[in-house]
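See below for the structure under consideration.
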Amino acid sequence: MNTVRVRFAPSPTGYLHIGGARTALFNWLFARQNQGKLVLRIEDTDTERLKEDSISQILSSMRWLGIEWDEGPETGGPCGPYYQSKRLDLYREEAERLIQEGKAYYCFCTPTELEEVRVSQHQAGEAFRYNGKCRDLLLSIAQKRIAEGEKAVIRLRIPASGQVKVKDLVHGEVKFSLDQFDDLVIMKSNGMPTYNFACVVDDHAMAISHVIRAEEHLSNTPKQVLLYEALGYEPIQFAHVAMILAPDRSKLSKRHGATSVEEFRDQGFLAPAIVNYLTLLGWSPGSDQEIFTPAESMDKFQLDKVSKKAAIYDTKKLTWINGQYLNSMNLDDVTRETIPFFLRKGLVTEEQAAEQYDTIRAVVSVVRDRVKTLVELTEAAEYYFKDVTEYEEKGQRKYFSSPGVAELLRKAHERLEQLEVFDVKHTEETYQILIEELGIKAGELIHPTRLALTGRTVSPGLFDVMALLGKDRCLARLKQAISFILQISI
RNA sequence: GGCCCUAUGGUCAAGUGGUUAAGACGCUGCCCUCUCAAGGCGGAGUCAGGGGUUCAAUUCCCCUUAGGGCUACCA
């Protein structure tokens, strides 16, 4: 029985974007479904593009999403180290072995020389291809030049003709003709391995069973297959999942606004909602179900049902899903997620957040089912934490301008003032009685009151608002509104 | 340029050699209603184009087109 071992192998050149997150997610689902392991490997062989804090960002984004790796940075494991920069000896050994076996050779051509070749090939209308200059250099001579300090890369010999077949779990068999491939560089002149080489060596060394990655790598795969053969490794299963594209159909990048997991978090999206959305992007259970727990996804996920078609992510649907989670998640969890947003907005201090947790929780409770993100929630909860300093203009026109409003509010004030128990039930009763007595429509009193208490035309149910604000603040805000109305009506 | 992948409403998508071509988001009409949201009932909107194969193609094949990827001492 072969154990499933998959890996997610980001290169730390930036933050984890949603495309990477989805690749990680699919790997995770597949691993868990098959009681396998997910390995996290950091592909930090490009010393120039490496970004300092990006590893910790990637790790924390994955943790936040709840994608757990079984082996990798910070968790360790039997196949470590899990940073390619710490595995250089392995790559060198394997490259050396290929040289000894005559399957690879040193190449002393400089980047400038290669560039010249490329330019002339381009002018001649030919395909770009390494011209094979160092291909037949005698090994002893090459070694001597190395010993003298000359820089060289190591290239893999690739047959000039023939075909490579890539068996892919989502695409089926894909054929490539060899005549289009260069002798590819496997070790750079700075001693670092190239992506295709390090990837193959590590996937083998880490006993990976399935490589699940983005489709951008499909065209690299024949080269990797060739490397498997050259190195004498057992072949491996590949699955290339369609990419996630930005709304303008191009590859995800910074210029598209929010594409990183962190940015989505800052915009008030919840981790399980993002995971749910990403699960549905490029995969469908084949049923009507839209809302999934990870456990359900693990149960139903099928690699061969993964879409071959690149998907454009749609914030609107993510927002909708987020709303679903916001309303159905445990209230304490939502409250905990919301508090940082309150802090950032300056609605509460850390001490207040701790002391008044129950109140905050109550506020979140009445506000959450009418908003879709935590940012919206914070916005909608402002009335509770901040005094009303202005009234929405539209509301003023609609509700504060009719004659007799001030008097109406004054009466409401009078009645509310007499209440002993100021809760939802009693405030509502009071209003009902008053409305009946005056023979008016409920809205005639409720709308101006809402505007007076919140400064807005939109809020949670009015009596929820009242109960939460408490008697003193309600009365004060009513008074304030009355004088405001009298003032503007002059 | 060469090679590879892909193509069902605006977006995500189910689906099949014969269907009125699901569903979701979004948009929209109505109902409900203290606003908003939610909910309920409706609506508009799709098989990229052209050739084949076939009694029959959205479905199979080819071409075109479009999008994406690879073609680096990036990953």
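Any value given below was found using the heavy atoms of this structure, including those in side chains, with hydrogens, waters and symmetry copies removed.
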Name the closest nucleotide to the [X] side chain, picking from [options].
X: A:Gln180; options: B:rU11, B:rC34, B:rC3; value: B:rC3
X: A:Glu290; options: B:rG23, B:rC73, B:rU35; value: B:rG23
X: A:Lys305; options: B:rC73, B:rU35, B:rA14; value: B:rA14
X: A:Ser307; options: B:rC25, B:rA13, B:rC73; value: B:rA13
X: A:His171; options: B:rU35, B:rU6, B:rA14; value: B:rU6
X: A:Asp314; options: B:rC34, B:rC25, B:rG26; value: B:rC25
X: A:Val174; options: B:rA13, B:rU11, B:rC5; value: B:rC5

Short side-chain donor-acceptor distance under 3.5 Å, [Y] and [X]:
X: A:Thr373; Y: A:Asn322; value: no
X: A:Ser11; Y: A:Tyr195; value: no
X: A:Ser54; Y: A:Arg49; value: no
X: A:Arg450; Y: A:Ser459; value: yes
X: A:Gln57; Y: A:Lys51; value: no
X: A:Ser177; Y: A:Gln180; value: no

Using the [atom1] atom as the point on both nucleotides, what is the distance between [M] and [N], in whole Å?
N: B:rG39; M: B:rU58; atom1: C1'; answer: 35 Å
N: B:rA57; M: B:rG52; atom1: P; answer: 11 Å
N: B:rU8; M: B:rC61; atom1: P; answer: 16 Å
N: B:rU11; M: B:rC27; atom1: C1'; answer: 12 Å
N: B:rA14; M: B:rA24; atom1: P; answer: 15 Å
N: B:rA38; M: B:rC32; atom1: C1'; answer: 11 Å
N: B:rU46; M: B:rG9; atom1: C1'; answer: 4 Å
N: B:rG18; M: B:rU54; atom1: C1'; answer: 12 Å

Distance-only donor-acceptor test (3.5 Å): side chain A:Arg456, base B:rU35: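 Checked by distance alone, the answer is no.
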Short side-chain N/O contact from A:Lys188 to OP1 or OP2 of B:rC74, under 4.0 Å: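 For A:Lys188, the contact criterion (side-chain N or O under 4.0 Å from OP1 or OP2 of B:rC74) is met.
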Could you tell me whether A:Phe301 and A:Trp283 have their ring centroids closer than 6.0 angstrom?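 Centroid separation for A:Phe301 and A:Trp283: below 6.0 Å.
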Let me know the distance between CE of A:Met192 and P of B:rC74, rounded to the nearest Å.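 Taking CE of A:Met192 and P of B:rC74, I get 10 Å after rounding.
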B:rU46 C1' sits how many Å from A:Lys309 NZ, rounded?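 For the pair A:Lys309 NZ and B:rU46 C1', the rounded distance is 11 Å.
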Using the rule salt bridge (Lys or Arg N to Asp or Glu O under 4.0 Å), only one of A:Glu382, A:Glu390, A:Glu392, A:Glu393 pairs with A:Arg456; which is it?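 It is A:Glu382, the one option of A:Glu382, A:Glu390, A:Glu392, A:Glu393 that forms the salt bridge (Lys or Arg N to Asp or Glu O under 4.0 Å) with A:Arg456.
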Collect all protein-nucleotide pairs involving nucleotides 28-32 of chain B in which both atoms are nitrogen or oxygen and the distance is under 3.5 Å.
none

Could you check whether A:Arg415 makes a cation-pi contact with A:Tyr431, meaning its NZ or CZ is under 6.0 Å from the centre of the six-membered ring and within 45° of the ring axis?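 No, cation not above the ring by the 6.0 Å, 45° rule.
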A:Tyr130 six-ring face occupied by A:Arg155 cation (under 6.0 Å, within 45°):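 The answer is yes, since A:Arg155 meets both limits relative to A:Tyr130.
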How does protein reach along nucleotides 58-70 of chain B, written 5' to 3' as B (base within reach of a heavy atom under 4.0 Å), S (only sugar-phosphate), or - (no contact)? ---------SSBS
In the structure shown, which nucleotide is the Watson-Crick or G-U wobble counterpart of B:rC30, with both distances under 3.5 Å?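 Pairing partner: B:rG40.
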Could you tell me which nucleotide pairs with B:rA24 by Watson-Crick or G-U wobble geometry, both distances under 3.5 Å, or answer none if nothing does?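 The base-pairing partner of B:rA24, which may sit in any strand shown, is B:rU11.
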Report the C-alpha separation of A:Phe26 and A:His210 in whole Å, then their side-chain angles, then the decisive distance to 0.1 Å, and conclude whether the ring pair (Phe, Tyr, Trp, His ring centres under 6.0 Å) test is met. CA-CA 12 Å; A:Phe26 281 7; A:His210 297 72; over 10 Å; no
